[in-house]
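One structure is given here, and the rest of the page talks about it.
Protein chains get the first letters and strands the later ones, always in sequence-line order, with residue 1 at the start of each.
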Protein chains: 2
Amino acid sequence: MEFKKLYKGLSDGHRVRILNLLEDGPLCVCHLMEILSLDQVKVSKQLRYMKELGLVDGERQAQWMVYRLLEPEHPLLARNLECLREAGEAELPLVEDQKKRAAILERIERDQDPCPDLEGATCCAR
Amino acid sequence: MEFKKLYKGLSDGHRVRILNLLEDGPLCVCHLMEILSLDQVKVSKQLRYMKELGLVDGERQAQWMVYRLLEPEHPLLARNLECLREAGEAELPLVEDQKKRAAILERIERDQDPCPDLEGATCCAR
DNA sequence: ACGGTATATACCAAGTGTGGAATATACCAT
DNA sequence: ATGGTATATTCCACACTTGGTATATACCGT
């Protein structure tokens, strides 16, 4: 991955939050909307932008689009997210986002919500 | 420093090369021009941009402007530059730039070129 | 085929970054 | 005061990013 594209990806708060979430595993658009409290068009646009940068990729699962990191083990990305998480709330609610993600996954498990099948676990809540 | 500004700074090849050079110590514009083989206006503009981002600051020393990192110990910046240097020539000639910088400093020492006084050493070659 | 849900795209306006050419400013030496 | 060197700024054009609103597409269940 070109360094330039990585940094363009990281130079926006919403995008960093999305990358941070995807680092823990794939997610569909509706969950990203829910966690970020962002409307659908904005999320879609950011995802498209990051897809063009070569940071993420999306795959259709039934009616949902499930996004994932293109290079989940990319050391520079991982390292930067780590530092940003350590920076705490003052910068971005990254750890809080991770908790919300976990809560959503639990809810899905508990309520048997229909969701695309994804590496053993389900993804979507509605 | 806001993370956003750091990444905006890093998302351009010339800027990364400048930041990498300044990490080793302050430099004046003419040396940056020489090492990057870039014309004066472009260097000045990138420096201004990074000054607005809060990444660098410039101080006049006689007829020269000497630039330095605003937060030389910033861990995220240091870490990213380190990784980019390790990435090697394919991405950016960062290590080569460092060598050029050292060569210039030697040349100054040897030829007693006039330069702004800076933390003991001199800086400018002309 | 139809209506609903999830997601993407198109279009337009505003803001931001980037490049080139010309010009201005600051300082030095004489 | 003058001319030279180092650096910054201005202006203009162009590409990129971002936000809003509206619309289109894809898939599902019936």
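Under a 3.5 Å cut-off, the side chain of A:Asn20 and the backbone N or O of A:Leu94 do form a donor-acceptor pair.
The interatomic distance linking B:Leu32 (CG) with D:dT7 (C1') rounds to 12 Å, in whole Å. When rounded to the nearest whole Å, the span between OH of B:Tyr49 and P of C:dT16 equals 10 Å. Nucleotide C:dT5 holds its P atom 16 Å from the NE2 atom of A:His31, rounded to whole Å. The interatomic distance linking A:Arg48 (CZ) with C:dC11 (P) rounds to 12 Å, in whole Å. Straight-line distance from the CG atom of A:Asp39 to the P atom of C:dA8: 13 Å, rounded to whole Å. One can place CD of B:Glu59 at 17 Å from C1' of D:dA8, the figure rounded to the nearest angstrom. Across the protein-nucleic acid pair, B:Trp64 atom CH2 and D:dA8 atom C1' stand 17 Å apart, rounded to whole Å. Remark: P of D:dA8 and CG of B:Leu38 are 13 Å apart, rounded to the nearest angstrom.
Nearest-nucleotide assignment on DNA chain D puts the 5′-proximal partner with B:Ser44, out of A:Gln46 and B:Ser44. Between A:Met65 and B:Val41, the one whose closest nucleotide on DNA chain C sits nearer the 5' end is A:Met65.
Listed by first and then second residue, the salt bridge (Lys or Arg N to Asp or Glu O under 4.0 Å) pairs that reach into residues 2-14 of chain B are B:Glu2-B:Lys5, sequence neighbours excluded. For residues 47-56 of chain A, no pair satisfies side chain to side chain donor-acceptor pair (under 3.5 Å), with sequence neighbours left out.
B:Arg15 CZ to B:Leu47 CG: the interatomic distance, rounded to the nearest 0.5 Å, is 11.0 Å. Atoms CG and CG, from B:Leu76 and B:Leu6 in turn, are 5.5 Å apart once rounded to the nearest 0.5 Å. Note that the CG atom of A:Asp39 and the NZ atom of A:Lys45 stand 9.0 Å from one another [nearest 0.5 Å]. With values rounded to the nearest 0.5 angstrom, B:Trp64 atom CH2 is found 9.0 Å from B:His31 atom NE2. Going from atom CG of A:Leu22 over to atom CG of A:Asp57 covers 11.0 Å, rounded to the nearest 0.5 Å. Going from atom CD of B:Glu71 over to atom CG of B:Leu55 covers 8.5 Å, rounded to the nearest 0.5 Å.
A salt bridge links A:Glu82 with A:Arg79: the closest approach of a Lys/Arg side-chain nitrogen to an acidic carboxylate oxygen falls below 4.0 angstrom.
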Treat primed atoms plus P, OP1 and OP2 as sugar-phosphate and everything else as base, then score nucleotides 25-30 of chain D 5' to 3': B for base contact with protein heavy atoms under 4.0 Å, S for sugar-phosphate contact only, - for none. -SSS--

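You'll find a donor-acceptor pair under 3.5 Å spanning the side chain of A:Lys45 and the base of D:dG20, going by distance alone. No N or O donor and acceptor, one from the side chain of A:Gln40 and one from the base of C:dA6, sit under 3.5 Å apart.
Contacts with DNA chain C (heavy atom under 4.0 Å) in residues 5-16 of chain A: none are found.
Across A:Tyr7 and B:Ser11, no two heavy atoms sit closer than the pair CB-CB, 3.7 Å.
Axis angle between the ends of the helix from C:dA1-D:dT30 to C:dT30-D:dA1, five pairs each and rounded to 10 degrees, works out to 10°.
Residue A:Val43 is classed as having no contact, given no heavy-atom separation below 4.0 Å to the nucleic acid.
Residues passing the side-chain contact (heavy atoms from CB on, under 4.5 Å) test with B:Arg60, sequence neighbours excluded: B:Met65.
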